Protein chains: 2
Amino acid sequence: MPRRKREGEPFETVSRERVLRAAVALVDERGIEALTMRDLAGRLGIEAASLYNHVSGKDDLLLGMADLVIAEIDLPSEGMGWREAMRRRAMSARQLFARHPWAAALIDTRMQAQPSGLAYADRVLGTLLRAGLSPAVAGNAFLVLDSYIYGYERQRSILAREDGGDSTDTAQEVADAIEPGAFPALMQVAAAYAEEPFDEDAGFAFGLDLLLDGIERLLPAGQPQKRP
Amino acid sequence: MPRRKREGEPFETVSRERVLRAAVALVDERGIEALTMRDLAGRLGIEAASLYNHVSGKDDLLLGMADLVIAEIDLPSEGMGWREAMRRRAMSARQLFARHPWAAALIDTRMQAQPSGLAYADRVLGTLLRAGLSPAVAGNAFLVLDSYIYGYERQRSILAREDGGDSTDTAQEVADAIEPGAFPALMQVAAAYAEEPFDEDAGFAFGLDLLLDGIERLLPAGQPQKRP
DNA sequence: ACCTGAACACCGTTCAAGT
DNA sequence: ACCTGAACACCGTTCAAGT
């Protein structure tokens, strides 16, 4: 039987790239737990078994998806100052997480030796080396920055809501759920955020700038970088 | 048929607590992907279906496991200075990850309104409030610190090895795998770490102290805290 | 080279039936 | 109240057979 063609879609031959893109679209729409080989195959108009012509298994699929979205993060260009470059890629990563809420969890367990991930690491490290850091210190700075960038997203997403409510609603729910007097400090903080919403961007920038300040102090003297 | 009693084990009635402890032991030994309801039940001498008398499902099981290991993290005591308290809990968390390598991934997706998680948040926030931070700032500091602590573990574990090799082996493998000239900065950093191993503890402390320094600067004047 | 159909060895979960 | 046995609706993956 010939492949079923889905209406409106121009015919395209199935390829690894197209499998990965379909998987990303599926997970964007229905969440990571809805990703099954059968459903993914259905989207491509083939059977589940046929996917194994393009990916070696589900693990390879997830690896490929992680690498595909890493390519969406803006990489530092050569002309940019290192601090501006690091800030930009952090913001670009956060925009990526807004488009693909599942990406942070996938990337930081599966950033392995895939093409885009290697390019990402090379460009970030290159920027830090050119700024004057030693290779070992550049590696440490990279690890520390990415720990914070991906870690913040994961912590933030615990507090985020699936419904349309904002952070004041979450805070109010927490405050309501605590029996009076049990967790006074938590209650006090929840009450504060129920009144004035938590600014996620400012909260992120606070920690990021602290780390960037510290990295800047490691630079050899005579290479001052102005802060924005 | 009566419950089969495993040899050497004293008879204990199955309870939620015992289910959770058995799950932690199973995952410690065989990894998170080896956790199935059937195998877990087998360890307890019961059938898989019986687990549903103690947990509402696999999701509840994972939630309970996360909460159980959170309880292992040392909490700040009242007498301690805030900075020492934050440093201690960070180190305690890292020791937890050494005992339970799967814990970081579980905790930072599942720290929800469970008893130990609430107590953890309350004690950390209480310490920061007593140090003089406003509730909103204390919440932000908590989020930033935990982003880094859990994020670092996840990044670190990507680079870690399952076999007995150390970080110089990983670095050498990366260096060998890159085709010459393709990723010069990455190659340079890998070469540096192949020669001198990456110090994970010092690398962690670097970022942590930067964040603590920044939080300290937010404190009202006249409450100086000495650095260790 | 790529796809299908059917199967295999698993999963989590439900539920009537037992004690 | 807690457990069993059996079933259900799924999974990822394999493989001979087709084109």
Side-chain angles (χ1 to χ4, degrees), chain A residues 1-7 9-27 29-66 102 105-106 109-110 112, chain B residues 1-7 9-27 29-66 102 105-106 109-110 112:
Chain A
M1 201 169 96
R3 288 239 321 282
R4 292 173 295 277
K5 186 173 157 230
R6 304 222 332 194
E7 357 229 321
E9 279 181 30
F11 176 82
E12 269 185 273
T13 175
V14 177
S15 63
R16 178 180 171 89
E17 161 117 16
R18 213 159 98 73
V19 168
L20 298 180
R21 293 207 181 283
V24 167
L26 194 162
V27 173
E29 289 170 28
R30 302 185 25 221
I32 192 74
E33 74 287 345
L35 177 64
T36 69
M37 301 304 264
R38 282 169 173 85
D39 282 4
L40 175 57
R43 286 203 163 216
L44 293 160
I46 58 177
E47 298 299 314
S50 307
L51 288 172
Y52 292 81
N53 290 311
H54 303 102
V55 292
S56 71
K58 191 164 188 184
D59 228 63
D60 183 43
L61 174 66
L62 293 169
L63 219 73
M65 291 170 67
W102 45 272
L106 206 57
T109 49
R110 282 165 206 277
Q112 268 141 326
Chain B
M1 201 169 93
R3 287 239 322 279
R4 291 173 297 279
K5 184 174 158 227
R6 305 219 337 192
E7 355 227 322
E9 279 181 30
F11 175 82
E12 270 185 275
T13 175
V14 177
S15 63
R16 179 180 171 91
E17 161 116 15
R18 214 161 97 73
V19 167
L20 297 180
R21 294 208 179 282
V24 167
L26 194 161
V27 172
E29 288 170 29
R30 302 182 27 219
I32 191 77
E33 72 288 347
L35 177 64
T36 68
M37 301 304 264
R38 282 169 174 84
D39 283 4
L40 175 57
R43 288 204 162 215
L44 293 161
I46 59 176
E47 298 300 313
S50 306
L51 289 172
Y52 293 82
N53 289 310
H54 304 103
V55 293
S56 71
K58 192 165 189 183
D59 228 63
D60 182 43
L61 174 66
L62 292 169
L63 220 73
M65 292 170 66
W102 46 271
L106 207 56
T109 50
R110 281 164 207 279
Q112 269 141 326

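Reminder, nothing fancy here: chain letters follow the sequence lines and each chain counts from 1. In this text the structure is predicted, and so the values were computed from the model without any measurement.
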Measure across A:L44 and A:V14 and return the closest heavy-atom pair with its distance rounded to 0.1 Å.
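Looking at all heavy atoms of both residues, the closest pair is O-CG2, 4.3 Å.
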Between B:A23 and B:L40, which heavy-atom pair has the shortest distance, and what is it?
N-CD1, 3.5 Å
For B:E33, which residues count as a salt bridge (Lys or Arg N to Asp or Glu O under 4.0 Å) partner, sequence neighbours excluded?
none
Return all side-chain donor-acceptor pairs below 3.5 angstrom for residues 55-65 of chain A, not counting sequence neighbours, or 'none' if the list is empty.
from, atom 1, to, atom 2, distance (Å)
A:K58, NZ, A:L35, O, 2.7
A:D59, OD1, A:R110, NH1, 3.4
A:D59, OD2, A:R110, NH1, 3.4
A:D60, OD1, A:R16, NH2, 3.3
A:D60, OD2, A:R16, NH1, 2.7
A:D60, OD2, A:S56, N, 3.1

Taking side-chain hydrogen bond (donor to acceptor under 3.5 Å, both in side chains) as the definition, give me every residue that meets it alongside B:R38, ordered by chain and number, with sequence neighbours left out.
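By the side-chain hydrogen bond (donor to acceptor under 3.5 Å, both in side chains) rule, B:R38 matches no residue at all.
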Suppose we screen for side-chain hydrogen bond (donor to acceptor under 3.5 Å, both in side chains). Which residues come up paired with A:D39, at least two apart in sequence or across chains?
A:R30
Classify every nucleotide of nucleotides 8-13 of chain D by which part a protein heavy atom approaches to under 4.0 Å, writing B for the base, S for the sugar-phosphate alone and - for neither, in 5'-to-3' order.
---BBB
Under 4.0 angstrom between A:S50 side-chain N/O and C:dT4 OP1 or OP2:
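For A:S50, the contact criterion (side-chain N or O under 4.0 Å from OP1 or OP2 of C:dT4) is met.
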Taking only side-chain nitrogens and oxygens of B:H54, does any of them come within less than 4.0 Å of OP1 or OP2 of D:dC3?
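Yes, B:H54 has a side-chain N/O under 4.0 Å of OP1/OP2 on D:dC3.
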What is the distance from atom OG1 of A:T36 to atom CG of A:L26, rounded to the nearest 0.5 Å?
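Here the interatomic distance stands at 7.5 Å.
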Using atom [atom1] of [X] as one end and atom [atom2] of [N] as the other, report the distance to the nearest whole Å.
{"X": "B:I46", "N": "D:dG5", "atom1": "CD1", "atom2": "P", "answer": "13 Å"}
{"X": "A:L51", "N": "D:dC15", "atom1": "CG", "atom2": "C1'", "answer": "16 Å"}
{"X": "A:E47", "N": "C:dT4", "atom1": "CD", "atom2": "C1'", "answer": "6 Å"}
{"X": "A:N53", "N": "D:dA16", "atom1": "CG", "atom2": "P", "answer": "15 Å"}

Stems field, DNA chain C, Watson-Crick or wobble, 3.5 Å, at least 3 pairs, by first number, holds C:4-8 with D:12-16, C:12-16 with D:4-8
